[in-house]
Every structure is written in C-alpha cells, then in structure tokens.
Amino acid sequence: MTVSPGRYGVWRHAAALSPQLAREIESLGFGAVWIGGSPPGDLQLAEDLLDATTSLVVATGIVNMWTTPADEVAPSYHRIAERHPGRFLLGVGIGHPEATGDYGRPYATIVEYLDRLDALDVPVAGRALAALGPKVLEVSRDWTAGAHPYLTTPEHTRSARERLGDGVLLAPEHKVVLDADPESARALGRPVVQRPYLGLRNYRANLLRLGWAESDLDDGGTDALIDALVAHGTPDQVAARLDEHLAAGADHVCAQVLTRGMRDPEPDLRRLASALGIG
C-alpha cells in the first residue's frame, strides 16, 4: 500500500516526540511526523505515535543501516504495517562516517541492505532512503518509494527531482525558526547546523555541490548559508520558504521547528500551520 504523507510534515528528534505531541501535530493538519535520529529496530516509538493518532503518517528519518540490521527492522515493519496499513514509512539511511567505526563500502552497503529488505518482503512502496548525492538519489528512485534529503535547499530539491523523475517521492527536511529578527533567528539556527553537520563530510560535500565554498561552511557558516538552511522570519515568510521546495518539485516537505531551551513547540507549529493554510 502506498504511503501518502501529504504536503507538509514535522521532523522532530525521537527524544522530543510523544504520543500527545503526535496528536497535536495531526490536529494542526500536518500529514506526517518524521522520527529523527536513529530510532532502534523495534520501532516502538513509531507504533506508539500511530496508536495515538488516526490518520497521521509516521516515518523514520532515519533507521541507521550500520546499527540496525535489516533482519531486525523488517519484523517491526511488518508488525506496524499490519496494525496501521498505509500509515508507516520506513526511512533508512547510511548515516555518516564520523559516527561509524567501520564505514567501508557505503554504496554497496546501501544496496545490500535494500536487497535484504526485498528478501524480507518489506515493500518498495513502504520504504524511503536518506539521499543527497546523485548515486544515492538514483538508488532511492530504483529501490524505494523515494528520497528523504536532510539539510538541503530548494536548489537541491530541484536537481533531485530532475534526477528522480516523476512519480517518485521527494520529501526534504528544512529547519525553521519563527523569529522575525534575523540575528536572533541565526543565533538559534546556527549551532544546530554547525554541530554536527558542518563537520560531517557527507553534508559538506553536498553543500559544495550546490555551489557553496569551503569558506561558507567554516567557522559556523556564513549568514548566507545559515539563511539558506534555516528558514526564519514571520510565519508567512517561513511558509513561503517551505513552499519553494514544493515549487522545485518536492511532494512533501517536513519542517524541523527549532525553539529555545525546552519550550513547547506546539505554539510555533500552530502558527506555522495557519500560515501554510492547513488544519
């Protein structure tokens, strides 16, 4: 069964997700919630979020191939898909070499992992792949329902759509700060981008492919880079930035709403949902 996440979703780290927040996200009109980080293979959090809601799609963003074997996650996928048909998308990915001691043969590992999911009857339509570069985007096109790029811009979305072609899910993540003061917004967004992503070779390589210089990526990133990677401003301005992904060819864009300290994200999610015209 094809999973349809709608046009807008919410990306949030697993540690900051709860069934109650999932219900609020659903009530606000978002079509999906993406479980960030590397959730364990039992996928219990995904099942809890689905149990607490009625129509919300839950996706993993992403299950790490190095730490969670396909043989471990496949039974969890089948358990959840049977209980909540059409509402769960298994997002998988290779992660980054700095977090994995044995990162050899990443491309071959991706193909082998997806091949094993095939053997374990996890359907192509029920899984997505974290993809940035051209080769992995092509794998996402041929072996999964589509691509889930992270830390990207609408320019990347446009080139990704050209490579994927039509009929393949493209669901980028984009960070969001609802703050009309650029300096204040950058002060919140820059640390999230800088650590760890500007120190990770996969993300740096992707940004360089998009035309940024090494100097743009160093020392916490230039203001222009942070502005490109973190949508900030009024709710309407942020909504317009997210819509640039859709205009560039995305089917779905998931907003990672950044807040200060331990502040409840629900007020900002509500303001963003209103600006997006959902709910």
Side-chain angles (χ1 to χ4, degrees), residues 1-36 39 45-62 80-81 83-91 125-126 128 145-150 152 154 157 161 169-180 185 189 230-259 263-279:
M1 180 178 293
T2 300
V3 180
S4 300
R7 289 168 65 83
Y8 305 105
V10 174
W11 190 104
R12 195 160 178 81
H13 196 278
L17 277 171
S18 67
Q20 179 181 352
L21 182 56
R23 284 192 293 270
E24 292 173 350
I25 289 170
E26 180 179 61
S27 72
L28 291 174
F30 292 98
V33 62
W34 293 75
I35 302 173
L45 177 58
E47 187 168 12
D48 292 344
L49 301 183
L50 288 162
D51 286 346
T53 55
T54 59
S55 61
L56 189 71
V57 166
V58 173
T60 51
I62 45 81
I80 294 172
R83 186 176 175 89
H84 298 286
R87 293 182 57 206
F88 177 62
L89 186 65
L90 177 63
H148 173 48
Y150 186 91
T152 62
T157 294
R161 174 52 70 196
L169 176 68
L170 179 54
E173 171 270 353
H174 204 111
K175 292 167 181 56
V176 164
V177 175
L178 293 185
D179 188 339
V230 182
H232 57 80
T234 67
D236 286 341
Q237 289 171 327
V238 168
R241 179 62 169 167
L242 297 181
D243 282 345
E244 288 181 31
H245 282 282
L246 300 178
D251 303 288
H252 172 90
V253 57
C254 45
Q256 181 180 170
V257 176
L258 306 179
T259 59
R263 197 178 78 190
D264 181 1
E266 193 274 341
D268 283 355
L269 289 170
R270 184 174 298 278
R271 294 166 63 205
L272 180 59
S274 177
L276 292 170
I278 59 179

Do you know which two heavy atoms are closest between [X] and [Y], and how far apart they sit?
X	Y	answer
L89	A128	CD2-CB, 4.0 Å
P154	A248	O-CB, 3.5 Å
L49	A22	CD2-CB, 3.9 Å
P172	T157	CG-OG1, 3.7 Å
D51	R83	OD1-NE, 2.8 Å
P149	L170	CG-CD1, 3.8 Å

Interatomic distance, L56 atom CG to F30 atom CZ [nearest 0.5 angstrom]: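 Those atoms lie 10.5 Å apart.
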Sequence-distant partners of [X], side chain to side chain donor-acceptor pair (under 3.5 Å), two or more places apart:
X	answer
D179	S184, R260
E47	R79
R23	none
T53	R87

Report yes if the side chains of V257 and V10 come closer than 4.5 Å at any heavy-atom pair, otherwise no.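 In short, these two side chains do not touch, never coming nearer than 4.5 Å.
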Validation row: P265, L21 side chains within 4.5 angstrom (heavy atoms):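 The answer is yes; the side chains approach within 4.5 Å.
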Among residues at least two apart in sequence or on other chains, which ones pass side-chain contact (heavy atoms from CB on, under 4.5 Å) with [X]?
X	value
A32	P5, W34, V57, H252
P39	I35, T60, V63
A81	Y77

Donor-acceptor contact below 3.5 Å, side chain E173 vs main chain Q256: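 Answer holds: no.
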Strictly by side chain to side chain donor-acceptor pair (under 3.5 Å), give each pair with a member in residues 264-279 just once, sequence neighbours left out.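 Pairs touching residues 264-279 that pass the test: R263-D268, E266-R270, D268-R271.
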Sequence neighbours excluded - side chain to side chain donor-acceptor pair (under 3.5 Å) pairs with any residue from residues 6-16: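 Residue pairs passing side chain to side chain donor-acceptor pair (under 3.5 Å), neighbours aside: Y8-D243.
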Report the C-alpha separation of V58 and I80 in whole Å, then their side-chain angles, then the decisive distance to 0.1 Å, and conclude whether the side chain to side chain contact (heavy atoms under 4.5 Å, CB included) test is met. CA-CA 10 Å; V58 173; I80 294 172; over 6 Å; no
Evaluate H148 against L169 for side chain to side chain contact (heavy atoms under 4.5 Å, CB included), listing each step before the verdict. CA-CA 8 Å; H148 173 48; L169 176 68; over 6 Å; no
Run the ring-ring contact (aromatic ring centres under 6.0 Å, His included) test against H174 and tell me which residues pass, sequence neighbours left out.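 With sequence neighbours excluded, H174 shows a ring-ring contact (aromatic ring centres under 6.0 Å, His included) to H245, given in chain and number order.
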Could you give all pairs that pass the salt bridge (charged side-chain N to carboxylate O under 4.0 Å, His left out) test and reach residues 53-62, with sequence neighbours left out?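 Residue pairs passing salt bridge (charged side-chain N to carboxylate O under 4.0 Å, His left out), neighbours aside: none found.
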Mind jotting down which residue pairs meet the salt bridge (charged side-chain N to carboxylate O under 4.0 Å, His left out) criterion with at least one end in residues 244-259? Sequence neighbours excluded, please.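 Checked against salt bridge (charged side-chain N to carboxylate O under 4.0 Å, His left out) - neighbours excluded - the pairs reaching residues 244-259 are R161-D251, R241-E244.
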